[in-house]
Protein chains: 2
Amino acid sequence: MKRNSRLSAFLHALVHMAHRPDHPMTSEAIASWLNTNPVVVRRTVAGLRNAGILSSSRGHGGGWTLARPADTITLADITEALEQKLMPFSTEAESPGCLVERAVNQTLEGVKDEIEHLLKQRLASVTLADLAAQCGEGVSAHLEKHHGH
Amino acid sequence: MKRNSRLSAFLHALVHMAHRPDHPMTSEAIASWLNTNPVVVRRTVAGLRNAGILSSSRGHGGGWTLARPADTITLADITEALEQKLMPFSTEAESPGCLVERAVNQTLEGVKDEIEHLLKQRLASVTLADLAAQCGEGVSAHLEKHHGH
DNA sequence: TTTCATGTAACAAAAATAGTTACAAAATAG
DNA sequence: CTATTTTGTAACTATTTTTGTTACATGAAA
């Protein structure tokens with residue numbers, strides 16, 4: 001699983017969880033399904049646990065479940081929890097003291113902050129419940145068939 | 001020079017060029033100044049040349065100059081030329097055929113495109129000339145003093 | 001008490017990035 | 001015309017980041 005498809009990959013898993021809130025999903029299930037390793041999953045998912053999005057239970061029948069209702073979890077929450085960098089600009093000073101650099105970076109930071117804010121706002125307007133709803137009727141049947149729940 | 005400060009670093013150089021359109025700037029000058037290597041600079045700057053933002057001349061007194069007026073070069077042009085990824089999301093299918101995944105990715109792509117468009121629009125509204133102007137009066141003096149032109 | 005699951009640390013492998021060396025090509029100075 | 005300067009690139013090395021693996025402790029349920 002590549003880093004920049006992490007959001008999409010885990011969203012996928014989360015939506016499945018939203019469809020079956022009762023049924024804990026193991027790291028191994030998620031992993032095999034994202035073509036990766038259980039430990040990698042646990043590592044990544046730790047962010048979602050710390051953010052109060054997922055909760056885990058151990059032992060028999062354990063695994064991951066949503067920690068709160070799907071309509072209170074937004075894309076903004078998730079991206080933040082996954083530490084996905086939203087805007088890949090940074091403005092570290094290469095020639096400290098250069099007036100030109102300072103002016104450039106100031107403007108750049110301004111634009112960055114402005115857009116970042118907008119982006120977050122937009123991401124905050126979509127909830128997991130929205131996504132789950134959008135999947136339509138065929139999904140439960142699909143789940144039975146392909147993921148063997 | 002780290003990848004995510006590339007934009008800021010080269011913008012810095014470009015603004016200097018905008019201030020002295022007559023004076024070609026060598027890869028070596030740019031490099032020493034960004035704490036990196038002339039070859040790395042040339043490699044990166046190749047994108048700016050291909051995009052018609054910079055032009056190069058070889059031999060004695062050669063180097064890099066703006067290929068067109070500073071007020072026709074926008075931040076959008078520059079970020080694109082530097083192949084800076086604007087939105088670090090990707091939605092590659094991990095489980096092809098999964099309806100949930102398809103729905104999730106579709107929504108995600110939608111949000112991504114929407115924001116990307118907005119971001120580009122915003123970046124396109126700032127020109128190199130704007131940045132250069134913003135640096136104020138002290139700059140020419142500063143150039144003489146620190147960069148020895 | 002055995003089995004199954006998470007939680008982490010430590011290590012290994014792979015991939016992406018950055019930096020270096022070497023040399024050809026073009027342009028100018030003398 | 002020759003020496004010097006500077007870009008243009010390829011090939012290689014080094015570094016950093018990311019991903020994957022192994023190993024083992026902890027907790028919960030059968």
Side-chain angles (χ1 to χ4, degrees), chain A residues 1-10 13 17 22-67 81-85 88-90 92 94 148-149, chain B residues 1-10 13 17 22-67 81-85 88-90 92 94 148-149:
Chain A
M1 187 186 43
K2 288 184 183 165
R3 185 185 187 91
N4 56 356
S5 63
R6 227 159 64 168
L7 173 63
S8 125
F10 278 95
M17 290 178 204
D22 49 310
H23 194 283
M25 185 169 282
T26 69
S27 309
E28 198 167 337
I30 300 176
S32 78
W33 177 6
L34 304 185
N35 302 309
T36 183
N37 192 291
V39 180
V40 175
V41 169
R42 285 202 281 270
R43 202 146 59 189
T44 307
V45 134
L48 296 169
R49 173 167 37 76
N50 294 335
I53 293 170
L54 290 183
S55 64
S56 59
S57 57
R58 298 179 173 193
H60 262 289
W64 300 94
T65 46
L66 294 186
L82 292 176
E83 290 172 48
Q84 188 109 27
K85 276 173 206 135
F89 299 171
S90 95
E92 70 189 36
E94 312 269 354
H149 303 318
Chain B
M1 186 188 41
K2 288 184 182 165
R3 186 186 187 91
N4 56 356
S5 62
R6 228 159 62 169
L7 174 63
S8 124
F10 279 94
M17 291 178 205
D22 50 309
H23 194 284
M25 185 169 280
T26 68
S27 308
E28 198 167 338
I30 301 177
S32 79
W33 180 6
L34 304 185
N35 303 311
T36 184
N37 193 290
V39 180
V40 175
V41 170
R42 286 202 279 269
R43 202 146 59 189
T44 308
V45 134
L48 295 170
R49 173 166 38 76
N50 294 336
I53 292 170
L54 290 184
S55 64
S56 59
S57 56
R58 297 179 172 191
H60 260 289
W64 300 93
T65 45
L66 294 186
L82 292 177
E83 290 174 47
Q84 188 108 28
K85 276 175 204 133
F89 299 171
S90 94
E92 71 190 36
E94 312 268 354
H149 303 318

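A note on names: the letters A, B, ... follow the listed sequences, proteins ahead of strands, and every chain is numbered from 1.
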Of all heavy-atom pairs linking B/Gly52 and B/Ala67, the shortest is O-CB, 3.4 Å

Check DNA chain C against residues 53-66 of chain B and give the residues with a non-hydrogen atom under 4.0 Å, in numerical order. B/Arg58, B/Gly59, B/His60

So B/Ile30 and B/Met17, do their side chains get closer than 4.5 Å, heavy atoms only? yes

Taking all non-hydrogen atoms of both residues into account, name the closest pair between B/Gly61 and B/Pro24 and its distance. O-CG, 3.4 Å

When rounded to the nearest 0.5 angstrom, what distance separates NZ in B/Lys2 from OG in B/Ser8? 13.0 Å

So, the side chain of A/Arg49 versus the backbone of A/Ser56: is there a donor-acceptor pair under 3.5 Å, distance only? no

Distance col, row A/Met25:CE vs A/Leu66:CG, nearest 0.5 angstrom, shows 9.5 Å

How close do A/Leu48 and A/Ala81 get, heavy atom to heavy atom, and via which atoms? CD2-CB, 3.8 Å

Output for pair (B/Trp64 CH2, B/Arg42 CZ), nearest 0.5 Å, gives 8.5 Å

Roughly how far, to the nearest 0.5 Å, is the CZ atom of B/Phe10 from the OG1 atom of B/Thr44? 4.5 Å

For a quick check, with a 4.0 angstrom heavy-atom cut-off, what is the B/S/- contact string for nucleotides 12-24 of chain D, read 5' to 3'? ------SSBBB--

Could you give the start and end, 5' to 3', of the contact zone on DNA chain C for chain B, using atoms under 4.0 Å from its heavy atoms? C/dT17 to C/dA29

Residue matched to C/dG30 through Watson-Crick or wobble contacts both under 3.5 angstrom: D/dC1

Using modelled atom types and a 3.5 Å cut-off, is there a donor and acceptor pairing between side-chain atoms of B/Thr26 and backbone atoms of B/Ala29? yes

